[in-house]
Amino acid sequence: MKLDSRSWALVAGCALVAAAGVFALSQAGFFSTPDPSSLWSWSLDNWETTAVGASGERFRVAHEPLALARNLALISVAFIGVVLGTPRVVEIVTRSGRGGGAVAGGAPEDFAKTRRLIDGELGTILTLVRSHLDSNKTYSAALVKGHKELTTTTSPDQIRAAIVLLIAENQKMLRETEEHQRRLEDSQRQITELRAELAETQELNVRDSLTQVFTRRHFDDTLAREAKIAASSASSLSLIMADIDHFKKINDGHGHLIGDEVLKNFARTMTKHVEEKDTVARYGGEEFAIIMPAVSFAEAKMAAERIRTEFENKKWAIKGGAPIGRITASFGVAQLAPHENAESLIQRADAKLYVSKSRGRNLVTVDADLSPR
């Protein structure tokens, strides 16, 4: 099985954390031969080290037993979360950068700033991981030193000094762990907010600012992708091209504000009669398009007829003024033929749209020819 770059990054991260854990535990004496002069007892509440002094009294040092395991688990979860989340962030940033010409709020400098912020947060997380591993090494060294002193010394003062050392190191480790955890949570929250901001900006860049359907650029990308999928899976792919009849007269006679309302209403009508998997886009001016994966030209024709009928039956009037009259639209429908590309499909659907125009408008015309192109 071949691993992609994301899988290799995850494996490398897990290996790094596991190696650090083994090193820390080995330094603490977990894998060494038990010392007969000391007794080790475990519980979920504490880890106790018992040593016998020169005068026969017992000294007991208690500290958190699963500190290393818990801290390493925390770092592992954070690291895996970053590995899994970063490809999506990079994908959004890359796609947004390719989008060019943002409609609203998508200036290139905004994307660059967001990239720098994300890079900074990821750098902070990596710094915290390194700092935590360094703290673990220091803590492990202190445990080894304290353990040796407890098992080799006979002086009560030295034993007390070793106990104080272990307690101080344990408290220091807990403080550093809490600080690392807080900073990791802050960085993860920042990355989540940045991802949401990028997703929102990306959505603005693929939506037409007036009608809220998809842009021409998004239409081109989507149709090219869906055409490849349909060709490889031998599934249907239909395209509807639509144009509002006599739209120039509407703008000239009633003004652009009324024309804008007509465009928005037509876009809403089309969206109402398609499924979520379909893509409604503003192709240019008053011309729109609908990409319909896994839909035959016969089914696409029925959808176009429903849109045409509802739009034709709408009652239009200027508020406080005279009725505008009936507004209609014309449609052309085509289905992807074997060995056909997206450009050819657009040309066939667009040709049938103009057949509808030439035959009197307010019609749906279908290109049912599925012969190889």
Side-chain angles (χ1 to χ4, degrees), residues 103 206-224 226-227 237-275 278-293 295 297-316 324-336 340 342-369:
V103 175
V206 300
R207 294 281 182 179
D208 176 62
S209 59
L210 176 64
T211 62
Q212 294 305 303
V213 297
F214 288 105
T215 61
R216 170 67 181 276
R217 179 185 294 274
H218 183 77
F219 165 83
D220 290 338
D221 293 341
T222 302
L223 185 60
E226 293 295 342
L237 174 65
S238 292
L239 176 65
I240 300 175
M241 301 295 292
D243 187 90
I244 300 175
D245 297 328
H246 302 297
F247 185 73
K248 187 175 185 303
K249 290 183 179 180
I250 297 172
N251 271 339
D252 293 343
H254 303 286
H256 289 280
L257 290 179
I258 299 300
D260 288 347
E261 290 302 316
V262 172
L263 290 171
K264 289 189 287 186
N265 193 288
F266 187 51
R268 287 195 297 269
T269 303
M270 287 189 294
T271 303
K272 176 182 175 182
H273 290 282
V274 300
E275 299 181 9
D278 302 327
T279 300
V280 180
R282 187 177 179 185
Y283 193 73
E286 68 273 20
E287 190 171 1
F288 293 79
I290 306 176
I291 303 171
M292 307 184 77
V295 172
F297 65 83
E299 296 170 313
K301 179 183 178 181
M302 289 189 290
E305 285 288 0
R306 289 193 295 269
I307 297 170
R308 184 197 64 78
T309 301
E310 179 174 331
F311 193 66
E312 175 190 18
N313 291 330
K314 290 182 181 294
K315 306 298 182 182
W316 299 87
I324 295 177
R326 189 181 69 161
I327 300 177
T328 62
S330 300
F331 300 81
V333 180
Q335 179 178 331
L336 187 72
E340 186 178 28
E343 291 76 12
S344 175
L345 178 61
I346 294 174
Q347 291 173 1
R348 289 198 295 122
D350 209 38
K352 293 304 176 182
L353 167 62
Y354 283 95
V355 170
S356 294
K357 292 279 190 181
S358 65
R359 292 180 177 176
R361 296 180 171 82
N362 194 27
L363 294 172
V364 176
T365 305
V366 177
D367 187 341
D369 186 4

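Quick note: numbers below take in every heavy atom, side chains included, and nothing from hydrogens, waters or symmetry partners. Note that this is a predicted model, so its numbers are computed, not measured.
Side-chain N or O atoms of Arg361 include none that pairs as donor or acceptor with a backbone N or O of Ser330 at under 3.5 Å. Of the possible donor and acceptor atoms, one in the side chain of Thr309 sits under 3.5 Å from a partner among the backbone N and O of Glu305. A donor-acceptor pair under 3.5 Å is formed between the side chain of Arg282 and the backbone N or O of Gly285.
Between the side chains of Thr365 and Ser356, at least one donor N or O lies within less than 3.5 Å of an accepting N or O.
With a 4.5 Å cut-off on side-chain heavy atoms, Lys352 and Met241 do not count as touching. Between Val366 and Gln335, every side-chain heavy-atom pair lies at or beyond the 4.5 Å cut-off. Phe311 has its side chain within reach of Val262: a pair of non-hydrogen atoms, C-beta onward, lies under 4.5 Å apart. Residues Arg308 and Asn362 have side chains in contact (heavy-atom distance under 4.5 Å, counting atoms from C-beta outward). Proximity of Ile291 to Asp278: side-chain heavy atoms (C-beta onward) are nowhere separated by under 4.5 Å. The shortest distance between side-chain heavy atoms of Asn265 and Trp316 falls below 4.5 Å. Taking the side chain as every heavy atom from C-beta outward, Thr215 and Arg207 never approach each other to under 4.5 Å. By the 4.5 Å heavy-atom criterion applied to side chains, His254 and Ile324 are counted as neighbours.
Ionic pairing of Lys272 and Glu310 is present here: one or more N-O contacts between side-chain nitrogen and carboxylate oxygen are shorter than 4.0 angstrom. Electrostatic pairing of Asp260 and Lys264 does not count as a salt bridge here, judged by no charged N lying under 4.0 Å from a carboxylate O. With respect to Arg348 and Glu340, a salt bridge is recorded, a charged nitrogen being found less than 4.0 Å from a carboxylate O. The pair Asp245-Lys357 meets the salt-bridge criterion, since a charged nitrogen lies less than 4.0 angstrom from a carboxylate oxygen. Using a cut-off of 4.0 Å between Lys/Arg side-chain N and Asp/Glu carboxylate O, Asp220 and Arg216 are scored as salt-bridged.
In this structure, Arg268 CZ and Leu263 CG are separated by 10.5 Å, a value rounded to the nearest 0.5 Å. Note that the CG atom of Asp243 and the CD atom of Glu286 stand 4.5 Å from one another [nearest 0.5 Å]. Taking OG1 of Thr211 as the start and CZ of Phe266 as the end, the distance is 11.0 Å to the nearest 0.5 Å. Note that the NE2 atom of His246 and the CD1 atom of Ile244 stand 12.5 Å from one another [nearest 0.5 Å]. The distance from the OG1 atom of Thr328 to the CG atom of Leu363 is 9.0 Å, given to the nearest 0.5 Å. In this structure, the separation between CZ on Phe331 and CD1 on Ile307 is 5.5 Å, given to the nearest 0.5 Å.
Here the closest heavy-atom approach between residue Ala267 and residue Val213 is recorded as CB-CG1, 3.7 Å. For the residue pair Val333 and Ala300, the shortest heavy atom distance occurs at CG1-CB, 3.7 Å.
Here the options are Ile240, Val295, Ile290, the test is side-chain contact (heavy atoms from CB on, under 4.5 Å), and the partner is Val274; only Ile290 passes.
Between Phe219 and Tyr283, the angle of the ring planes goes over 60°, which puts this pair in the perpendicular group of the 30/60° scheme.
Enclosure of atom NZ in Lys314 by more than 12 non-hydrogen atoms of other residues, nucleotides or ligands within 6.0 angstrom is indicated.
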